[in-house]
Amino acid sequence: MPADTARLFSLLEESGKKYDNEKIQRAFLFAEKSHCGQFRKSGEEYIYHPLAVAEICAELNLDTDAICAALLHDIVEDCPGASLDLIGENFGGDVRILVDGLTKLVAIPFEDKEEEHIENLRKMFLAMSRDIRVILIKLCDRLHNMRTLSSHQEEKQRLIALETMHVYAPLAHRLGIQTIKQELESLALQYLDPIGYEEIRGWVETKYGENRHFIETVQTAVGEKLKSLNIPYSIQGRIKSIYSIYRKMYRSSKSFDEIYDFYAVRVIVDSEMTCYAVLGLIHEMYHSMPGRFKDYISTPKPNNYRSLHTTVIGKTGVPFEVQIRTAEMHQVAEYGIAAHWKYKSGTKSDESINKKLEWIHMLLESDQKSMDSEEYLMPLKIDIFEDEIFVFTPKGDVVTLPTGSCGIDFAYAIHSGVGNKMVGIRINGAIAPITTVLQTGQIVEVLTSSASKGPSRDWLKIVKSGEAKNKIRGWYKKEKREENIQLAMTEVDKEFEKIRKGLPDSEKERIMTAIAQRHGLESLQDLYNSIGYGGIALSKIHVKIRDEIERTLANQAPASLEVTQSHAEKKEQKKSKSGVIIEGLENCQVKFAKCCSPLPGDEIIGYITRGYGVSVHKFRCPHAVAGLQSPEKDRWVNASWSKNASEIQSNSYNAVLQLLVADNIGVMAAISTALADMRIPIAAINTQSSAENTSLLTITVGTKGRDHLNSIIERLKRNRDILQILVGGDK
Ligand code: MN
């Protein structure tokens, strides 16, 4: 039976999105013609593969161009006569870019190497793709290849499965595409450890068989409760995936019985506030397992996953996990970056690549500290697209360098000995100047000679990487002390002339000696040596000389500072959105320090930060107390709350409460109900089991100020299960 596009088009239609069906049909016919006479390992006509890939892309609701590119993805590689230019002419520039990206990715070699190499591969993968759709199509391509892996030879199966596990599944995870990630992992595991896979599959079947109706019972009970309270919801049940169990058992060496989230129900509601309310209800219905609560809403996972997780124990003693999230959070949880296509109606694909990069930045931006300990991914730098390039050594190792790096940077990245002795480079086999700026994907070879006299000082101005700079300076520090000192003395003299002409040599020497002492250097010679090899920047010395001269002058004539003081007082109350007035600064950005969370009513002080306006601390915050005694004391400025009550009222100020509570069923529910009654927004909750039978609850709430907070605390204190309440930042 010949391949046809019926299923593809019905998938596209189901999406409800607009597609250019004519263009897609043309792409299919083009691919069918190009692949004509080619067969896959399974004996099937080749066209079935790109068609299947396009269907998976359609399930993710990728756009018209991506579907076309999926249909055409193997053509340039496999079909003589079908060029990129031809694709561009027929299907436009965007499809051409996508197919080009997909073709390039094929060239990245994969070998079973150490983790660092694999991480570099993942990065390179992302960097070379440029357009995020390339990666998405590639993931769909890999998924189909994995589904049909059985027709390959065993050796090949293992390598492809390994690559899937190490490169593709983590990429899918990082992009948040849970559905693809899970299927890739499950398929790869079947080839990498068929015995382990079968063993767990057997357990899962038995366990599930024993509690066949368990999940449905829970779903019904929770559903009825929500219905009775008129909370709109949807609810789903799931069993943990075989690979997740495998990982827990083999990597975290847990036993099968220690897997508490084998069963899970997922409650989807309409708002973040409702999530916390439902959490309270769940804890009212079931006994919660201490220490198993996770608030990924206030602290999202690195791939932007957001949800509340808690583990509770069912009526029959079976533990299960409850995940609570909004519909939007759920979309991101299932489809990650692909949710952009699936749920935003953007049909225009050329919205600008930047928009898409913003997305990936957002998803990759990771607070590494918030990563689960079981998260097996290495952190990925956010700025890979602009800031890093990836080049190969002739042996195929990937070297990561800052963008703009040249051959010299590369040589020093290999080894300082290679850099110090380099005389030339070859890029992709051709001799090139060592200062040539490198591009991602190039193969670079360094030519060295023992006759080399070492690095040139000019290189310091050319290289981009800190590593190369340090190594070149290191060489100068060791090899060229005399030269460094002479050079530095001339340079420093020029600086003196710029700052103040005609200072006597004795005065210059006094100043330089003082600077040397301040740097902890034993002699003036050492200081000059450091300046000479670049260990201390000349610009810093310039500033220090100026300071030193000013200080000398100030000592001679005491300054009158009084005059400027009352300037701020004269100005009347100023407008301020944050409700805070910073003396001497109008309309500045204000943020509240997390260390002490000041509230209206507290005595406060401001700190002028280097990047983000003024950060406001409590006057007694240890940071403020220490800061006022540090050399930075000038950055601390007077601050006060606005006298204008409406400015305060229109804001909500976060306060952090720490509650020591008895591990009692219902305490969570009581707290969330009390807060909801008072209409206090909850920004985050975290629990931690504490001493015996108690838990420590950290809740961030929005308040109108100190008095308001006190009334909240009074209300909470009425609950006898709350043993103690502390306000974060109060001492
Ligand atoms: Mn393919």
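Each ligand, and each atom within it, is numbered from 1 in the order the structure gives. All values derive from a computational prediction rather than experimental measurement.
- Distances from the Mn ion (ligand 1) to each N, O or S atom of His73 single out NE2 as the nearest.
- The atom of Asp141 nearest to the Mn ion (ligand 1) is OD1, with the search restricted to N, O or S atoms.
- Around the NZ atom of Lys464, the shell of radius 6.0 Å holds no more than 12 heavy atoms that belong to other residues, nucleotides or ligands.
- If you look at Asp74 and ask which of its N, O or S atoms sits nearest the Mn ion (ligand 1), the answer is OD2.
- The backbone N or O of His144 lies less than 3.5 Å from a partner atom in the side chain of Thr148, making a donor-acceptor pair.
- Formation of a donor-acceptor pair under 3.5 Å by the Thr164 side chain with backbone atoms of Ile160 is found in this model.
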Check the pair Ile408 / Tyr412 against side-chain contact (heavy atoms from CB on, under 4.5 Å), numbers first and verdict last. CA-CA 6 Å; Ile408 306 171; Tyr412 278 99; 3.8 Å; yes
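- Counting backbone and side-chain atoms alike, His144 contributes no N/O/S atom closer than 2.8 Å to the Mn ion (ligand 1).
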